[in-house]
Amino acid sequence: MKPKVIKKILIANRGEIALRIHRSASEMGIQTVAIFSDADRRAPHVLQANEAYSLNGNLSKDTYLDIKKIIDIAHASHCDAIHPGYGFLSENPDFVDATTSAGLIFIGPSSAAMRSMGGKTGARELMAKANVPIIPGTTYPLKDFTEAAKVAKSIGYPILIKAVHGGGGKGMRKVDEVGELEQSFSQAKSESKSSFGSESVFIEKYLQNPRHIEIQILADMHGNVIYLGERECSVQRRHQKVVEECPSSLLTPDIRKRMGEAAVNAVQKCGYVNAGTVEFLMDSDKSFYFLEMNTRLQVEHPVTEMVFGLDLVKAQIRIAQGEELSLTQEQVVPRGHAIECRIYAEDPLEGFIPSTGRVEDYMPSEGYGIRHDSGIMRGSEIVHFYDPLLSKLVVWGADRSESIRKMKRALEEFKISGVSTTIPFCAFVISHPKFIEGEYDIHFVEKYYHPDKLIRSEEEELIASLAAASMHNWDSGKGKEMREHSISSGNWKNKRFDE
Ligand code: ADP
């Protein structure tokens, strides 16, 4: 098969990921087309792309989820491919079909592979057939309560009732004992209907203290599949990842190999092509079970890029052009350790409520081993229409402890005002002894985090810096600068003393 050459890509997304895709495309000599909602008119992803087109509107359904508008823009701007990023339409097989029917290349898997991994029960059935271990439970949607009761009894409580089409950490209900089952079952069904448009639910055994570990894969059109190590994503809030690292401190080379091979097997069974992630839960005895497959680029992909020294977006584009993978499994060599902190416009002191407003001061951290994938700049308006992820702070260190120290320093350096952010929360995670020891599971945040911890550490920091400032003044006279943080507002300013 002769590779096609992609010359112009429409990036069907916004924020940091749209900009991140633009950068790789641009380095490959490929033109990019951005799309934007009214609120995003002056966003960095729009400013940087070679061309940009309005989607007219703000609601996701009228903009970044509107298949027809997006395909029309791709045509009008003479694109030959679409990159969906993550979220929005990235896992919608109808969007893949619309893209390919319009004669454009979809930079991602086929709609068939996406469909086979899209529903959680179908994916579980496929994995069970491929001998990939799955969490005990059903591989089909439950007919009724009687069936649910029978399954729950056979696998034993606690169980999870999950929406077949759930996502984003939503649509899960833990049931501790038989008395709670009937009510939970009917609530789970109606929640699933209202959030995901389908009443289909299934049951999984609830694992008490697992870790979330996922394997990155790359598969080309020529049957080559490789895995690029794992990402540890157990630091989660409401089942959503907040801090990720590569490699996991828990895996031995043997478990890594077995998980990698299970992921490759999973991918081969559904004829998957392009980049994808096979997610697993690992129990306390280190048994691992297939959780789901994400048929797209993940938010946390940069930690893999930092450790394996390759650009996953470029790899996706090359695969979509029909090129063979440039690496064999033997050539995949990890180096060092990387951590990512997701910086959200949320207030960690107020139950993580989304924070909106204009970004005033903005000074991201810099220096050796620091990567900052951001979708904002000074003056950006943070609105409530979309996911509150502002940017991703990623660090690389020669080993895990250097990487932790670097992240701590990078978080201290990162200044933003005008909106509250999760920077102080990330600093709490990174500095926590259990995180430093690598001794954590999916309950880390609920077990150890309380907003008081931020206030207390802020007070301690203020006392320490006051003490340091007075020492300094005593030492060398007047005019020293002291930095004052205000965690609750996410603000910062430099304050001059003694003048
Ligand atoms: P989503 O598709 O909404 O992201 P997942 O099935 O991928 O949902 O699970 C998200 C998170 O929920 C997991 O990382 C884990 O923390 C928790 N979880 C999911 N299934 C189980 C389970 N069977 N037992 C315990 N925790 C689970």
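Order of listing sets the numbers, starting from 1, for every ligand and every atom in it.
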To which protein heavy atom is [atom] closest, and what is the distance rounded to 0.1 Å?
{"atom": "atom 24 (N) of ligand 1", "value": "Leu207 N, 2.9 Å"}
{"atom": "atom 3 (O) of ligand 1", "value": "Gly169 N, 2.6 Å"}
{"atom": "atom 7 (O) of ligand 1", "value": "Glu292 OE2, 2.9 Å"}
{"atom": "atom 15 (C) of ligand 1", "value": "Gln236 OE1, 3.8 Å"}
{"atom": "atom 10 (C) of ligand 1", "value": "Met172 CE, 3.7 Å"}
{"atom": "atom 21 (C) of ligand 1", "value": "Leu160 CD1, 3.3 Å"}
{"atom": "atom 27 (C) of ligand 1", "value": "Leu281 CD1, 3.6 Å"}
{"atom": "atom 26 (N) of ligand 1", "value": "Ile442 CD1, 3.7 Å"}

Which atoms of ligand 1 sit under 4.0 Å from any heavy atom of [X]?
{"X": "Lys170", "value": "3 (O)"}
{"X": "Leu291", "value": "5 (P), 6 (O), 7 (O), 9 (O), 13 (C), 19 (C), 20 (N)"}
{"X": "Tyr206", "value": "24 (N), 25 (C)"}
{"X": "Glu279", "value": "7 (O)"}
{"X": "His212", "value": "13 (C), 14 (O)"}
{"X": "Gly167", "value": "1 (P), 2 (O), 3 (O)"}

Against the six-membered ring of [Y], is [X] placed for a cation-pi contact (under 6.0 Å from the centre, within 45° of the normal)?
{"X": "Arg237", "Y": "Phe352", "value": "yes"}
{"X": "Lys453", "Y": "Phe428", "value": "no"}
{"X": "Arg211", "Y": "Tyr440", "value": "yes"}

Hey, looking at atom 19 (C) of ligand 1, which of Glu204, His239, Lys162 has the closest heavy atom?
Lys162
Counting heavy atoms only, name the option from Lys120, Gln240, Lys241 that's nearest to atom 2 (O) of ligand 1.
Lys120
For Lys174, state whether at least one heavy atom is located under 4.0 Å from any atom of ligand 1.
no
Contacts of Arg400 meeting side chain to side chain donor-acceptor pair (under 3.5 Å) (sequence neighbours excluded), chain-then-number -> Glu245
Strictly below 4.0 Å, N to O, side chains only: are [X] and [Y] in salt-bridge contact?
{"X": "Arg231", "Y": "Glu340", "value": "no"}
{"X": "Asp176", "Y": "Lys174", "value": "yes"}
{"X": "Asp441", "Y": "Lys434", "value": "no"}

Measure the shortest side-chain to side-chain distance between Glu214 and Glu244 over non-hydrogen atoms and say whether it is less than 4.5 angstrom.
no
A side-chain contact here means heavy atoms from C-beta on lying under 4.5 Å apart; do Leu59 and Phe385 qualify?
yes
Between Phe414 and His372, ring centroids under 6.0 Å:
yes
Listed pairs under 3.5 Å, donor-acceptor, residues 155-170 side chains, sequence neighbours left out:
from	atom 1	to	atom 2	distance (Å)
Lys162	NZ	Glu204	OE1	3.0
Lys162	NZ	Glu204	OE2	3.4

